[in-house]
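Heads up, the thing below is written out as structure tokens.
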Amino acid sequence: MQALESMTVLLPWLLVYYLSALTPGDASTCVLQNDFEPGLMANGDFLIGGIFPLHYNQEMPDLNCTYRPGPVKCNGFDPRAFRWALTMKLAVEEINKRNDLLPNYNLGYKIFDSCAYPLTGQRSAVAVLNGPNEQESPMCAGAGPLLAIIGESGSAQSIVVSRILRPFGIPMISYFSSCACLSDRREFPTFFRVIPSDAYQVKAIAKLLLHFNWTWVGVVRGDHEYGRFALQGLLKELEGTGICVAYQEMIPLLYEHQRALEIIRVMSHSTARVVVVFSAEGELTPFLRDYMEQNVTGIQWIASEAWVTASVFTGSEYYPFLGGTIGFGIRQGQIPGLREYLTTVNPESYPSNPLVHELWGALYDCSPSSSSLNNHLPSCTGQETIRVQHSAYFNTSSPRISYNVYKGVYAIAHSLHNLLHCTPGKGPFSNSTCANIHNVYPWQLQQYLQEVSFTISGETVNFDMKGDSIPSYDLINWQRGSAGNIEFVNVGRFDGAQESGQELVIQEKAIMWPGHQTEVLVSVCSNSCTPGFRKAVRRGQPLCCFDCVPCDSGKISNKTDSVECMACSEDYWSNDDGTVCIPKVVEFLSHDAMGLTLTVIAVVGACLTLAVFAVFLYYRNTPVVRINNSELSFFILLSLTLCFLCALVFIGEPTSWSCMLRHTAFSITFSLCISCILGKTLVVLAAFTATRPGNNIMKWLGPTQQRIIIFCCTLVQVVICTTWLTVSPPFPYRNTKYQQSKIILDCSVGSDLAFWCVLGYIGVLACVCFFLAFLARKLPGNFNEAKYITFSMLIFCAVWLAFVPAYVSSPGKFTTAVEIFAILASSFGLLLCLFTPKIYIILLKPEKNTKQHLMGKDK
Ligand code: TRP
């Protein structure tokens with residue numbers, strides 16, 4: 001990077017120098033600053049340049065700038081890139097032989113090495129522009145025949161080269177630079193490429209991640225424009241897809257073992273098992289070596305197009321670690337005769353070309369002649385076998401980048417052909433002129449390149465307004481080959497020309513996963529939430545990391561990974577799992593255990609009362625029955641029976657009828673009952689007071705008056721009830737508030753005032769009765785009923801006093817149960833207190849059933 005920066009400082013000076021060199025006729029100002037020999041060259045009527053990274057890396061140049069830097073020293077010959085260069089040579093030769101394309105003209109070429117390094121790329125770009133010496137330099141003699149450049153490989157180099165070429169208007173066609181940044185026509189107006197922009201690749205990768213549900217991924221990239229822009233694009237593409245990036249790591253430009261170990265540690269410790277790598281062989285080779293040393297496995301690699309078809313990684317030692325890798329590769333094509341052409345390139349046919357010698361050194365690990373550069377290698381015997389890592393050199397069954405080079409050369413040839421065959425007066429330049437074919441300027445060719453469209457092995461080649469080509473990728477999977485090595489198998493494709501949703505086609509069955517797994521690897525931060533749960537994002541962590549919390553009761557979630565739980569509608573409630581809304585349970589006092597018990601008690605009570613009634617009827621002539629107004633006793637018994645029975649109205653589903661009946665029936669029968677008891681108390685009181693002289697109160701309390709009193713007392717209650725029923729009668733209602741999970745079917749009293757009036761009235765009657773009976777309790781007589789009435793009223797009042805708080809506080813159907821209980825308890829209280837003593841005497845002590853005894857006069 002530092003080198004790049006210093007170059008940008010130097011750049012204006014270089015440009016000034018070369019721009020001044022453009023001025024025709026002033027050849028004396030042209031001085032070659034340094035010589036840089038082309039790797040391969042051939043002269044022709046029109047020259048095209050080629051820049052290829054024929055070496056992996058170079059020795060860092062001395063940048064102190066106090067003396068002229070020495071020639072570039074590059075290391076690590078790359079047969080793959082050399083094949084690309086040879087493909088360019090092949091294409092040019094092929095075109096020169098053709099009669100239909102550029103007849104009568106010869107294309108020439110100059111191929112330079114960039115050493116996969118931007119600075120050297122820049123040097124080669126400048127060298128391409130120059131001739132080998134000042135005299136032959138085309139740049140010193142006006143418009144030269146150099147028309148276009150095929151190059152470069154890495155985007156970082158292409159950016160530099162394109163900036164150099166820009167002032168000269170020389171178009172370049174890149175075969176491998178995919179950085180989306182190069183689509184900027186303002187910055188790179190002369191840049192074209194036959195490789196899709198990474199804008200499509202990141203789209204394809206995002207689709208792939210989504211397809212396999214890999215929502216938690218790591219990204220590793222190299223320190224260059226390609227890596228930077230690809231990561232940026234991927235992050236943008238992942239926005240809103242639910243995929244999160246667990247970590248982003250950068251392999252430093254100058255490889256550092258320590259830093260690599262740190263990255264590998266992050267990778268192996270992260271829960272993200274899927275790693276997307278935007279990088280190229282250059283930095284990946286040492287990185288993967290370190291990775292394998294650490295013995296980390298179980299990672300699903302997603303390779304970018306830069307390394308997904310890199311033959312350096314096909315060795316069997318890579319298989320356990322990299323098998324199953326998947327990624328989008330450049331579409332392959334057919335180059336007829338490439339293989340045969342490559343075999344003709346050998347040290348015998350190119351005795352003086354150092355590159356061919358280096359190729360031999362790289363392929364066979366031997367040096368073809370002792371005088372060559374690789375003199376530390378043993379001399380070739382002709383028996384050597386090709387080295388494994390470069391065995392793919394001759395495998396030209398599926399050329400990808402070579403095919404891009406081939407297409408690029410053809411694009412130039414076709415444009416040039418069109419330019420030369422321009423019909424005068426119909427040209428694209430001002431006033432519809434054509435280019436002067438004896439002095440073609442590169443910017444004129446650029447015009448034609450922009451418009452060119454031709455087919456090659458059935459594929460149409462053209463450029464859009466940004467200089468990009470049609471996006472199309474193969475999905476490539478790294479599978480085990482027969483020799484334990486890695487083979488690149490095509491398992492799908494991404495076609496950016498298809499409409500959205502149909503771009504990606506995957507043959508899932510054909511994919512082989514890492515570690516021979518049959519299942520797709522899972523790479524998520526948190527497992528998805530099942531229905532009944534919702535996602536709760538963890539603070540300070542990406543959206544993909546969440547906890548699953550169960551839905552609150554009354555709320556449900558019916559799909560996996562719900563963000564929120566939905567509340568059930570009013571009459572519905574969530575089931576126990578929180579997955580569906582089910583109708584709420586309707587609760588009322590029905591004939592269940594509690595209801596049945598209460599029914600039985602009520603019926604038993606009624607029967608008991610009727611039994612007492614029967615006994616009284618049978619013994620109606622005995623003194624015990626007769627002594628105290630038997631008519632009133634019968635009345636009391638009948639009304640008590642009704643009291644017991646009206647408890648039954650409270651049981652069962654409330655309807656508007658039963659609701660109205662409930663309180664009214666109960667209050668009227670109770671008023672009747674207590675009025676009778678009151679009447680009886682009055683009679684007792686009167687009877688004893690009447691014995692005193694001058695008191696004829698009994699006259700006023702004859703049977704008729706008694707009936708009138710009872711009738712009047714009951715009538716008051718009847719009036720209250722009628723008013724209640726007409727003004728605001730009780731009605732059944734569904735109580736959904738009290739208990740959220742249930743609907744309580746209940747009777748609303750309609751008017752609270754009326755309800756408490758009714759109860760209050762009974763209370764008042766009972767209190768009056770109690771008071772009078774209390775007065776009469778000490779009156780003489782063995783069978784003084786006042787005592788029992790006092791007692792019964794005491795019980796009655798106690799029951800109803802206890803009822804009030806219980807009624808107000810008990811929930812749901814228990815309210816009703818409490819009311820029934822009060823009714824039954826008070827009825828039993830009355831029945832037992834008033835009638836057991838008499839029944840006892842009648843049935844068990846008939847000898848006491850005499851008037852004397854009862855009057856207490858038998859002693
Ligand atoms: N598509 C990559 C790019 O545009 C390919 C590439 C070639 C590359 N050489 C490289 C990437 C070197 C990184 C480093 O750059």
Side-chain angles (χ1 to χ4, degrees), residues 1 4 50-58 74 76 78-85 113-121 124 150-162 172-184 188 191-202 204-205 219-234 250-255 276-288 302-313 327-331 400-405 408 466-469 471-474 476:
M1 275 292 86
L4 253 182
I51 304 179
F52 296 90
L54 300 179
H55 290 83
Y56 283 120
N57 56 29
Q58 71 161 43
C74 294
D78 184 358
R80 184 175 175 223
F82 191 58
R83 185 172 72 194
W84 303 339
D113 183 6
S114 71
C115 298
Y117 191 64
L119 193 56
T120 320
S124 20
I150 298 286
E152 222 287 64
S153 163
S155 298
Q157 292 97 283
S158 283
I159 288 171
V160 175
V161 172
S162 178
M172 70 184 276
I173 302 182
S174 173
Y175 46 86
F176 208 2
S177 299
S178 54
C179 178
C181 55
L182 285 162
S183 294
D184 185 350
F188 307 103
F191 183 80
F192 294 87
R193 57 181 154 195
V194 278
I195 183 172
S197 154
D198 281 340
Y200 296 99
Q201 183 177 194
V202 292
I205 291 179
V219 184
V220 173
R221 67 170 181 97
D223 185 5
H224 34 60
E225 272 78 2
Y226 168 68
R228 186 147 51 86
F229 280 89
L231 170 64
Q232 225 173 58
L234 184 67
M250 185 173 80
I251 305 173
L253 197 58
L254 284 177
Y255 191 77
V276 185
V277 183
F278 293 109
S279 175
E281 296 128 291
E283 63 255 353
L284 261 188
T285 316
F287 181 75
L288 288 179
I302 297 194
S304 68
E305 103 296 338
W307 66 284
V308 74
T309 51
S311 49
V312 251
F313 302 129
F328 292 95
I330 307 304
R331 297 296 307 280
R400 295 172 195 275
I401 305 305
S402 306
Y403 182 61
N404 277 353
V405 174
K466 293 174 182 165
D468 289 338
S469 55
S472 170
Y473 295 97
D474 283 339
I476 288 172

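Atom set for the values below is all heavy atoms of this structure, side chains included, hydrogens, waters and symmetry mates excluded. If you read the sequence from its start, that first residue is 1, and numbering goes on from there. Numbering of ligands and ligand atoms starts at 1, following listing order.
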### Task
Assess the side chains of Arg400 and Thr309: does a donor N or O sit below 3.5 Å from an acceptor N or O?
no
### Task
Give the atoms of ligand 1, by number and element, whose distance to some non-hydrogen atom of Gly154 is under 4.0 Å.
6 (C), 7 (C), 8 (C), 9 (N), 10 (C), 15 (O)
### Task
Apply side chain to side chain donor-acceptor pair (under 3.5 Å) to Tyr226 and Ser304, showing your working.
CA-CA 10 Å; Tyr226 168 68; Ser304 68; 2.8 Å; yes
### Query
Is His224 close to ligand 1, meaning an N/O of one under 3.5 Å from an N/O of the other?
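No - when backbone and side-chain N and O of His224 are compared with those of ligand 1, no distance drops under 3.5 Å.
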### Query
How close does the nearest protein non-hydrogen atom get to atom 14 (C) of ligand 1, and which residue and atom is it?
Ala280 CB, 3.5 Å
### Query
For atom 15 (O) of ligand 1, which protein heavy atom lies nearest, and how many Å away is it?
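So the nearest neighbour among protein heavy atoms is Ser155 N, 2.8 Å.
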### Query
With a 4.0 Å cut-off on heavy atoms, does Ser153 reach ligand 1?
yes
### Message
Any atom of ligand 1 sitting under 4.0 Å from a heavy atom of Ser177?
### Response
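It does, in that a heavy atom of Ser177 comes within the 4.0 Å cut-off of ligand 1.
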### Message
In terms of relative ring orientation, are Phe52 and Tyr175 parallel, tilted or perpendicular, with 30° and 60° separating the classes?
### Response
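Parallel: the ring planes of Phe52 and Tyr175 meet at under 30°.
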### Message
Tell me if the aromatic rings of Tyr200 and Phe328 count as close, with their centers under 6.0 Å from one another.
### Response
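No, the ring of Tyr200 stays outside the 6.0 Å limit from the ring of Phe328, centre to centre.
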### Message
Applying a heavy-atom cut-off of 4.0 Å, say which part of Tyr226 lies close to ligand 1: side chain, backbone, both or neither.
### Response
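Looking at Tyr226 and ligand 1, just side chain atoms fall under 4.0 Å.
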### Message
Test of understanding: given a 4.0 Å heavy-atom threshold, classify the contact between Glu305 and ligand 1 as side chain, backbone, both, or neither.
### Response
side chain
### Message
Quick check against the 3.5 Å criterion: does Ser178 have a side-chain atom that pairs as donor or acceptor with the backbone of Ser197?
### Response
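Such a contact is absent between Ser178 side chain and Ser197 backbone.
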### Message
I need the single residue from Glu152, Gln157, Met172 that forms a side-chain contact (heavy atoms from CB on, under 4.5 Å) with Ile51. Which is it?
### Response
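The side-chain contact (heavy atoms from CB on, under 4.5 Å) with Ile51 is passed solely by Glu152 among Glu152, Gln157, Met172.
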